[in-house]
Amino acid sequence: KIGRAGMEYRDLIPDRYGGRFIASHIRIKEAGPVSDYVHFHKVQFQMIFCYKGWARVVYEDQGEPFIFQAGDCVLQPPEIRHRVLENSDGFEVVEISSPASHMTCTDPELALPTDETLPDKDYNGQNFVHHISKKAEWLPWRHPGFEKRGFGFSLVTNGLAHVQVVKSQRTNNGFMERRDTEFHFIFMLQGELAIKIDGHEKHHLNKGDSITIPDGTECSINICQKESEFLEILFSKNV
């Protein structure tokens, strides 16, 4: 469907977890200026991961406009004012928000960039985070044979959201786990992934595919090739 400023949206969670979460694959096909405006969202949580291409964006009290490019991610705290200025050909992002239905408001009287730069500013209990993939450090993940680059969202959301890109270090890597989470979402960035939930039918994921894993279910994951990568979002319960 077509959304704000001509952006095309693909809904990744049709039932939206009873209205608790929305995950969207968003794209702008052609390069150029974006007919966006200064706006903000009344949300509990919102993040945007740059999947392909780049965009020039600007945020309230976060300095001059910057280039947001493939592999980067931003945490948009509740009600931070922002605007997309221009984008490359084939610009695509994955956006996760909670709740699924939330209000988007304009702020026509605010000019961006603002005069002050306040990197540690509190926006309704959260801070703005810009994760730059080229500067990120890869660390061991929770299962052997994998590594991750974490985005630091847990700290600034008071333990609510844990977000990382995970990469397999060898072919046919795999594990089994059962997690106690409110929300567990995976989006494939490259390679392949096979997931079996509670011993039922195996789900095969390729680049651009996604899956949500129900709370408390036994999940077995197998990687079919080395250097497969996926974006993982985990929401803690009772936070």
Side-chain angles (χ1 to χ4, degrees), residues 13 17 20-24 40-51 55 57-82 93-100 102 112-114 116-144 146-167 169 175 177-187 189 210 212-213 215-216 219 229-239:
I13 311 176
Y17 264 53
R20 301 200 307 278
F21 298 95
I22 183 171
S24 301
F40 62 94
H41 309 285
K42 294 194 173 184
V43 291
Q44 178 193 23
F45 173 85
Q46 188 170 63
M47 56 154 277
I48 299 178
F49 177 85
C50 187
Y51 179 39
V57 298
V58 61
Y59 285 86
E60 172 191 4
D61 296 330
Q62 301 303 315
E64 294 296 317
F66 61 87
I67 299 298
F68 179 52
Q69 56 190 331
D72 294 354
C73 192
V74 293
L75 175 69
Q76 293 186 169
E79 301 188 31
I80 188 173
R81 275 64 170 167
H82 56 283
V93 302
V94 175
E95 180 182 276
I96 312 291
S97 302
S98 178
H102 54 267
L112 295 179
T114 43
E116 290 187 292
T117 301
L118 304 170
D120 298 321
K121 182 176 178 178
D122 183 289
Y123 301 87
N124 295 284
Q126 295 180 22
N127 302 115
F128 173 80
V129 177
H130 176 203
H131 171 84
I132 302 173
S133 62
K134 290 181 178 180
K135 297 182 179 180
E137 181 182 5
W138 289 93
L139 299 170
W141 193 46
R142 62 179 181 267
H143 294 284
F146 296 85
E147 56 184 357
K148 68 172 183 179
R149 53 179 174 93
F151 298 166
F153 292 177
S154 176
L155 180 63
V156 299
T157 61
N158 298 308
L160 175 67
H162 306 264
V163 184
Q164 52 261 323
V165 167
V166 181
K167 179 166 63 176
Q169 295 173 296
F175 62 88
E177 67 176 8
R178 187 189 301 270
R179 300 197 63 80
D180 184 27
T181 58
E182 182 183 4
F183 180 65
H184 189 179
F185 176 83
I186 287 174
F187 183 91
L189 301 173
S210 63
T212 53
I213 300 171
D215 170 39
C219 168
E229 287 189 27
F230 56 89
L231 173 68
E232 181 187 51
I233 294 96
L234 293 158
F235 256 66
S236 300
K237 285 184 173 180
N238 304 317
V239 174

Engineer: So among Glu137, Gln164, His131, Glu229, which one has a side-chain hydrogen bond (donor to acceptor under 3.5 Å, both in side chains) with Arg149?
Structural biologist: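 Output: one option passes, namely His131.
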Engineer: With distance as the sole test, does Ser24 use its side chain to make a donor-acceptor pair with the main-chain N or O of Glu95 at under 3.5 Å?
Structural biologist: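 Side chain of Ser24 to backbone of Glu95, a donor-acceptor pair under 3.5 Å: no, none is there.
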Engineer: Tell me if the aromatic rings of Phe175 and Phe146 count as close, with their centers under 6.0 Å from one another.
Structural biologist: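 Ring centroids of Phe175 and Phe146 are less than 6.0 Å from each other.
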Engineer: So do Trp138 and Val165 actually touch side chain to side chain, heavy atoms under 4.5 Å?
Structural biologist: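 Sidechains of Trp138 and Val165: in contact.
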Engineer: Please report the C-alpha distance between Leu231 and Ile186 in whole Å, then the side-chain angles of each, then the deciding distance to 0.1 Å, and finally whether the side chain to side chain contact (heavy atoms under 4.5 Å, CB included) criterion is met.
Structural biologist: CA-CA 6 Å; Leu231 173 68; Ile186 287 174; over 6 Å; no
Engineer: I'd like to know if the side chain of Asp122 reaches the main chain of Asn127, judged simply by a donor and an acceptor atom lying under 3.5 Å from each other, with no hydrogens or angles considered.
Structural biologist: no
Engineer: What is the distance from atom CD1 of Ile233 to atom CZ of Phe187, rounded to the nearest 0.5 Å?
Structural biologist: 9.5 Å
Engineer: Between Glu116 and Lys121, is there a side-chain heavy-atom distance shorter than 4.5 Å?
Structural biologist: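 No, their side chains stay 4.5 Å or more apart.
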Engineer: Should the heavy atoms of other residues, nucleotides or ligands under 6.0 Å from CG of Leu155 be counted, would the total exceed 12?
Structural biologist: no
Engineer: Looking at every non-hydrogen atom in both residues, tell me the closest pair between Tyr51 and Ala70 and how far apart they are.
Structural biologist: O-CB, 3.9 Å
Engineer: May I ask you to decide whether Lys148 forms a salt bridge with Glu232, counting only side-chain N to carboxylate O separations under 4.0 Å?
Structural biologist: no
Engineer: Just say parallel, tilted or perpendicular for the rings of Phe128 and His130, cut-offs at 30° and 60°.
Structural biologist: tilted
Engineer: Looking only at heavy atoms, which two atoms of Tyr59 and Val57 are closest? And how far apart?
Structural biologist: CE1-CG2, 3.8 Å
Engineer: Which heavy atom of Ser236 sits nearest a heavy atom of His162, and at what distance?
Structural biologist: OG-NE2, 3.1 Å
Engineer: Kindly indicate, with the supporting measurements, whether the criterion side chain to side chain contact (heavy atoms under 4.5 Å, CB included) is fulfilled by Phe21 and Phe185.
Structural biologist: CA-CA 10 Å; Phe21 298 95; Phe185 176 83; over 6 Å; no
Engineer: Would you give the length of the straight line joining atom CZ of Arg179 to atom OG1 of Thr181, rounded to the nearest 0.5 angstrom?
Structural biologist: 7.0 Å
Engineer: Apply the test side chain to side chain contact (heavy atoms under 4.5 Å, CB included) to residues Cys73 and Phe153: give CA-CA distance (whole Å), side-chain angles for both, the deciding distance (0.1 Å), then the verdict.
Structural biologist: CA-CA 10 Å; Cys73 192; Phe153 292 177; 3.8 Å; yes
Engineer: Would you find a donor on one side and an acceptor on the other, under 3.5 Å apart, between the side chain of Glu60 and the backbone of Arg81?
Structural biologist: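 Yes.
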Engineer: Look at the rings of Phe151 and Phe49 and say which category their plane angle falls in: under 30° parallel, 30 to 60° tilted, over 60° perpendicular.
Structural biologist: parallel
Engineer: For the residue pair Val129 and Val74, establish whether any side-chain heavy-atom pair is separated by less than 4.5 Å.
Structural biologist: no
Engineer: Rounded to the nearest 0.5 Å, how far apart are CE of Met47 and OG1 of Thr157?
Structural biologist: 11.5 Å
Engineer: Going by heavy atoms in the side chains, are Val156 and Gln126 under 4.5 Å from each other?
Structural biologist: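 No, side chains not in contact.
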Engineer: Check the pair Phe66 / Ile132 against side chain to side chain contact (heavy atoms under 4.5 Å, CB included), numbers first and verdict last.
Structural biologist: CA-CA 11 Å; Phe66 61 87; Ile132 302 173; over 6 Å; no
Engineer: Do you know the tightest heavy-atom contact between Pro113 and Gly63?
Structural biologist: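 Minimum heavy-atom contact is CB-O, 3.4 Å.
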Engineer: Which heavy atom in Phe40 sits nearest to a heavy atom in Ile80, and how many Å separate them?
Structural biologist: CB-O, 3.5 Å
Engineer: Please report the shortest heavy-atom distance between Ile22 and Pro99, naming the atom on each side.
Structural biologist: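 Heavy atoms only, the tightest pair is CG2-O, 4.4 Å.
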Engineer: For the atom pair OG1 (Thr117) and CG (Asp61), what is the distance rounded to the nearest 0.5 Å?
Structural biologist: 7.5 Å
Engineer: With a 4.0 Å cut-off, would you call Glu182 and Arg20 a salt bridge?
Structural biologist: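 Salt bridge between Glu182 and Arg20, a charged N being under 4.0 Å from a carboxylate O: yes.
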Engineer: Nearest 0.5 Å please: distance from the CD1 atom of Ile13 over to the CZ atom of Phe183.
Structural biologist: 3.5 Å
Engineer: Check whether any side-chain N or O of Gln46 sits under 3.5 Å from a backbone N or O of Leu75 as a donor-acceptor pair, and report yes or no.
Structural biologist: no
Engineer: To the nearest 0.5 Å, what is the distance between OH (Tyr17) and OG1 (Thr212)?
Structural biologist: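 The OG1 atom of Thr212 is 4.0 Å from OH of Tyr17, to the nearest 0.5 Å.
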Engineer: Could you check whether the rings of His41 and His82 sit parallel, tilted or perpendicular, using 30° and 60° as the cut-offs?
Structural biologist: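 His41 vs His82 ring planes: tilted.
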